[in-house]
Each structure stands twice: as structure tokens, then as C-alpha cells.
Amino acid sequence: MTIVAIAIGWRGGFDWISPSKGTQFLFVAGGLLATILTAALSGLFKGEPGATAAIFRVFSGFAPVFVPLVLLVTGAILLNDGLRTAVPVAAYKIPLMVVFGLGILGVGMGIFAWISQTSQNSAARLESMQADQARYHQDHLNSIEACDVTKNMSNILVYTDANHDKEVREKAIEKIKTNPEWQQELIRLLENKGALEAFTFLASNEVDDKTMFLAPVNTGVLSVADWIRRQIREASQPHHFYQDQFSWELERMLRTVDKFKGLGTDYRPAVREVRAAFDEPTDVKKPEFNCIIRLESWIKREE
């Protein structure tokens, strides 16, 4: 149909539209594209569900046959100088205007339906995300409520991190402090391979007596170094490593150290041990861990 339209325009068959070739081109190109697109989509979406398909189902009963027929007949007339002269202008002008109008209408309605459907889908996704967040929030609160902090306090330390909602954090801290030995439990974790959980709390929250934690924090930093060495040593597949690995844990560790430094304990040797842990040999190729830059920056700053 594009080739036919070019041939008609070349022979002056569209002079009835406008004396300007540019106007002729825009009118014919836009109308033909919209018409063919509407006819094609009417056949494609016939019987399909959805708002966009419903728009084109209006045209599906006649457009796939009517539009090509009109284009073929009018094209034959406009290509033939004798027929074009003998036939009244209205005989091809009106049918072409009708199908061009249908094409533009169909495309316009299709775009509107697509925008509407996209908006509805976005709203549905947002609603689903909000529902998920509400469910997660309630699950966190339920976990906090169910925790026996005299036995399993470490299970809810993660909820005391600054990245949690205010209500979740406050409920977790309140529940933890119902255990009169909560500070002693944090110290026990620092000294017994539970430093990661303890640092999660200490990085975002205060303790009543910092002097109790000076040596245990140092022990906790050294246990993090041992943990990193073990993780690297035990890796057996490339997918066991990724660039952001250890970043979350080391961020909390360094934030804790910053809160307790300057009170009589030098944490620099322990932090250097954490940096040295990344040099642990392994048969698996290690990536450039992003957290190493943060570690080296801290060490350089404190020297």
C-alpha cells in the first residue's frame, strides 16, 4: 500500500487533497499508517481480553475486510488517469476520508486505552507493594512480640537497625530492654561469635555504660575478621562471591567502632585484621569487594 501511495502521489493522484506536496505527504502518510495499523490490530486483538483489546474489538467485525477493500478500490481509481477523470471526486474522496478517520480514531482510542491500562497496572502494583510492606511490618511486630528476650534476644536485634521503621525499632528496643541483662547479653554475643548481631544493635543505638563494651567490641571486630576468612576459605563456586558481599556487616561494625573509639581502646589493629582477612587465599576468583575501599579509608583516616 505504501508503494501504491507513492505511485499515486507521483502521478498527481492526490492533488485533490492540497496543491502542496508536503501537505499531501503528511495527510496520506499519517492516514495510511493509522488506517493499516487499526485494521491490523483489529484482527490481532479479536477475542483477546483487556481494555486495549476491547477498543479494537469494536472494529474487528468490519475493519480487517472493509479497510483493505476501500484502499484497493480507491487505489485502482487513483492510479488510472482515465478512471480518475471519469469518476466523481466524491467516489474516492469520501471512502478514503472514512477509512482514514476510522484509522485515526482507532489509533487514538488505542493509545488512550493503553495509557489507561498502564495507569491501572501501576496503581495495582503500588497497592500490592503497600500491602506487602504492611504485611512485612506486621510480621516484624509479631516476631518481636513473640520473642523471649531472656533466651533468644539475638533474634530481634536486626529490628533495631536504623533502616527499619520507627515503630518496629522502638518496639524491638523496648522489648530488648525488658531483659535486665540486655547489655550483658550483647557483651556475650561480642565475645562468642555473635558480633554481627551485636553490631547491628550497637551501630544504631546507645548503651547505658560504654566502658563495659570497650574490650568486647575489639573482640567482636576480631571475630568478624575470622568470619570473613572462613567465608572466603569455604567458598567453592564463583557465585559464592559478589562485589557487595560483607558491605552491610562491615558498615555496622565500623559505625560501632566509631562510637566507642577514643575511650581508651585502640581498635586500629583489629580493623587491620579485618582488612587482612580479605587476602585469605582461595581457589575461587575473588571480586573487588566494595567494602574494602571503606575499610582502607577508615584505616587511613585513623593512622
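For the single chain, residues carry numbers from 1 onward in sequence order. Values below: all heavy atoms of this structure, side chains included; hydrogens, waters and symmetry mates excluded.
- A donor-acceptor pair under 3.5 Å links the side-chain atoms of Lys259 to the main chain of Asn205, judged by distance alone.
- The closest donor-acceptor contact from the side chain of Gln245 to the backbone of Tyr242 lies under 3.5 Å.
- By the neighbour-count criterion of 12 heavy atoms within 6.0 Å, atom CZ of Phe241 is densely surrounded, having more than that number from other residues, nucleotides or ligands.
- Proximity of Arg275 to Val271: side-chain heavy atoms (C-beta onward) are nowhere separated by under 4.5 Å.
- Val98 and Ile104 sit in two unconnected hydrophobic clusters of ILVMFWY residues. Membership requires side-chain heavy atoms under 4.5 Å apart, directly or through other members.
- In this structure, a donor-acceptor pair under 3.5 Å is present between the side chains of Arg255 and Ser204.
- Looking at Arg169, its side chain does come within 3.5 Å of a backbone N or O of Thr160 through a donor-acceptor pair.
- Not counting sequence neighbours, the partners of Phe27 by the ring-ring contact (aromatic ring centres under 6.0 Å, His included) test are Phe100.
- Rounded to the nearest 0.5 angstrom, Arg272 CZ and Leu295 CG are separated by 12.0 Å.
- By the rule that hydrophobic residues join a cluster once side-chain heavy atoms approach within less than 4.5 Å of another member, Trp248 and Phe199 end up as members of separate clusters.
- The hydrophobic cluster containing Val99 does not contain Leu33, counting ILVMFWY residues as joined when their side-chain heavy atoms lie under 4.5 angstrom apart, directly or transitively.
- Looking only at side-chain heavy atoms (C-beta outward), Arg294 and Leu250 stay at 4.5 Å or farther from each other.
- Summarising the geometry of Ile232 relative to Pro281, their closest heavy-atom pair is CG2-O, 4.4 Å, with the distance given to 0.1 Å.
- Ring geometry, Phe289 versus Phe278: the interplanar angle falls from 30° to 60°, so the pair is classed tilted.
- Between Val284 and Ser236, the shortest heavy-atom distance links the atoms CG2-C, 3.6 Å.
- Met97 and Phe25 fall into different hydrophobic clusters, where Ile, Leu, Val, Met, Phe, Trp and Tyr residues are linked whenever their side-chain heavy atoms come under 4.5 Å apart, directly or through other members.
- Counting only distance, with no hydrogens or angles, the side chain of Thr35 and the backbone of Gly31 share a donor-acceptor pair below 3.5 Å.
- Annotation for Ala203 and Arg252: closest pair CB-O, 3.5 Å, computed over non-hydrogen atoms.
- A 6.0 Å sphere centred on CG of Asp279 holds more than 12 heavy atoms belonging to other residues, nucleotides or ligands.
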Report, one line per pair, each donor and acceptor closer than 3.5 Å where one atom sits in a side chain of residues 212-223; sequence neighbours left out.
| unit_1 | atom_1 | unit_2 | atom_2 | d |
| --- | --- | --- | --- | --- |
| Thr219 | OG1 | Ala215 | O | 3.2 |
| Ser223 | OG | Gly220 | O | 2.6 |

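- Side chain of Ser128 to main chain of Ala124: no donor-acceptor pair is present (N/O by atom type, distance under 3.5 Å, no hydrogens or angles).
- Going from atom CD1 of Ile292 over to atom OG of Ser297 covers 13.5 Å, rounded to the nearest 0.5 Å.
- For the ring-ring contact (aromatic ring centres under 6.0 Å, His included) test, residues two or more places apart in sequence or in another chain that qualify with Phe201 are Trp182.
- In this structure, Lys210 places its NZ atom where more than 12 heavy-atom neighbours from other residues, nucleotides or ligands lie under 6.0 Å away.
- Side-chain atoms of Ser122 and Arg125 include a donor-acceptor pair closer than 3.5 Å.
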Please step through side-chain contact (heavy atoms from CB on, under 4.5 Å) for the pair Gln120 and Ile115, ending with a clear verdict.
CA-CA 9 Å; Gln120 291 177 16; Ile115 293 173; over 6 Å; no
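- Under the 4.5 Å side-chain heavy-atom criterion for Ile, Leu, Val, Met, Phe, Trp and Tyr, Leu32 and Ile94 are members of the same hydrophobic cluster.
- Other residues, nucleotides and ligands place more than 12 heavy atoms under 6.0 Å from the CG atom of Leu126.
- Side-chain atoms of Arg233 do not come within 3.5 Å of backbone N or O of Thr282 as any donor-acceptor pair.
- For Glu303 and Arg268, the salt-bridge test fails: no basic side-chain N is under 4.0 Å from an acidic carboxylate O.
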Under the side-chain contact (heavy atoms from CB on, under 4.5 Å) rule, what do Asp148 and Asn155 come out as? Steps first, then yes or no, please.
CA-CA 9 Å; Asp148 183 350; Asn155 290 349; over 6 Å; no
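- With sequence neighbours excluded, the residues forming a ring-ring contact (aromatic ring centres under 6.0 Å, His included) with Trp227 are Phe246, listed by chain and number.
- Annotation: side chain of Asn121 is not in contact with side chain of Thr118 (no heavy-atom distance under 4.5 Å).
- Using a cut-off of 4.0 Å between Lys/Arg side-chain N and Asp/Glu carboxylate O, Arg135 and Asp132 are scored as salt-bridged.
- Using a cutoff of 4.0 Å between basic side-chain nitrogens and carboxylate oxygens, Lys261 and Asp258 are scored as salt-bridged.
- His164 places no side-chain N or O within donor-acceptor distance of the main-chain N or O of Asp161, the cut-off being under 3.5 Å.
- Put simply, CG on Leu157 and CD on Glu185 are 8.0 Å apart, with the number rounded to the nearest 0.5 Å.
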Full working for side-chain contact (heavy atoms from CB on, under 4.5 Å) between Lys171 and His140
CA-CA 10 Å; Lys171 290 288 187 183; His140 296 336; over 6 Å; no
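- In this structure the side chain of Thr211 never reaches within 4.5 angstrom of the side chain of Phe260, judged on heavy atoms.
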Run the side-chain contact (heavy atoms from CB on, under 4.5 Å) test on Leu190 and Leu202 for me, step by step, so that the C-alpha distance in whole Å, both residues' side-chain angles and the decisive distance to 0.1 Å come before the verdict.
CA-CA 11 Å; Leu190 288 168; Leu202 295 171; 4.0 Å; yes
Please tabulate, one pair per line, all N/O donor-acceptor pairs under 3.5 Å involving side-chain atoms of residues 172-180, not counting sequence neighbours.
| unit_1 | atom_1 | unit_2 | atom_2 | d |
| --- | --- | --- | --- | --- |
| Lys175 | NZ | Ile144 | O | 3.1 |
| Lys175 | NZ | Glu145 | O | 2.9 |
| Lys175 | NZ | Cys147 | O | 2.9 |
| Thr178 | OG1 | Lys175 | O | 2.4 |
| Asn179 | OD1 | Glu181 | N | 3.0 |
| Asn179 | ND2 | Val149 | O | 3.0 |

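- Between the CG atom of Leu141 and the CD1 atom of Ile156 there is a distance of 11.0 Å, given to the nearest 0.5 Å.
- Between atom OG1 of residue Thr265 and atom CG of residue Leu263 there is a gap of 7.5 Å, rounded to the nearest 0.5 Å.
- When only modelled atom types and interatomic distance are considered, Glu167 and His137 share a side-chain donor-acceptor pair under 3.5 Å.
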Would you be so kind as to tabulate the donor-acceptor pairs closer than 3.5 Å made by side chains of residues 67-79, with sequence neighbours excluded?
| unit_1 | atom_1 | unit_2 | atom_2 | d |
| --- | --- | --- | --- | --- |
| Thr74 | OG1 | Val70 | O | 2.6 |
| Thr74 | OG1 | Leu71 | O | 3.3 |

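- Expressed to the nearest 0.5 Å, how far CD of Glu288 lies from CD of Gln243 amounts to 8.0 Å.
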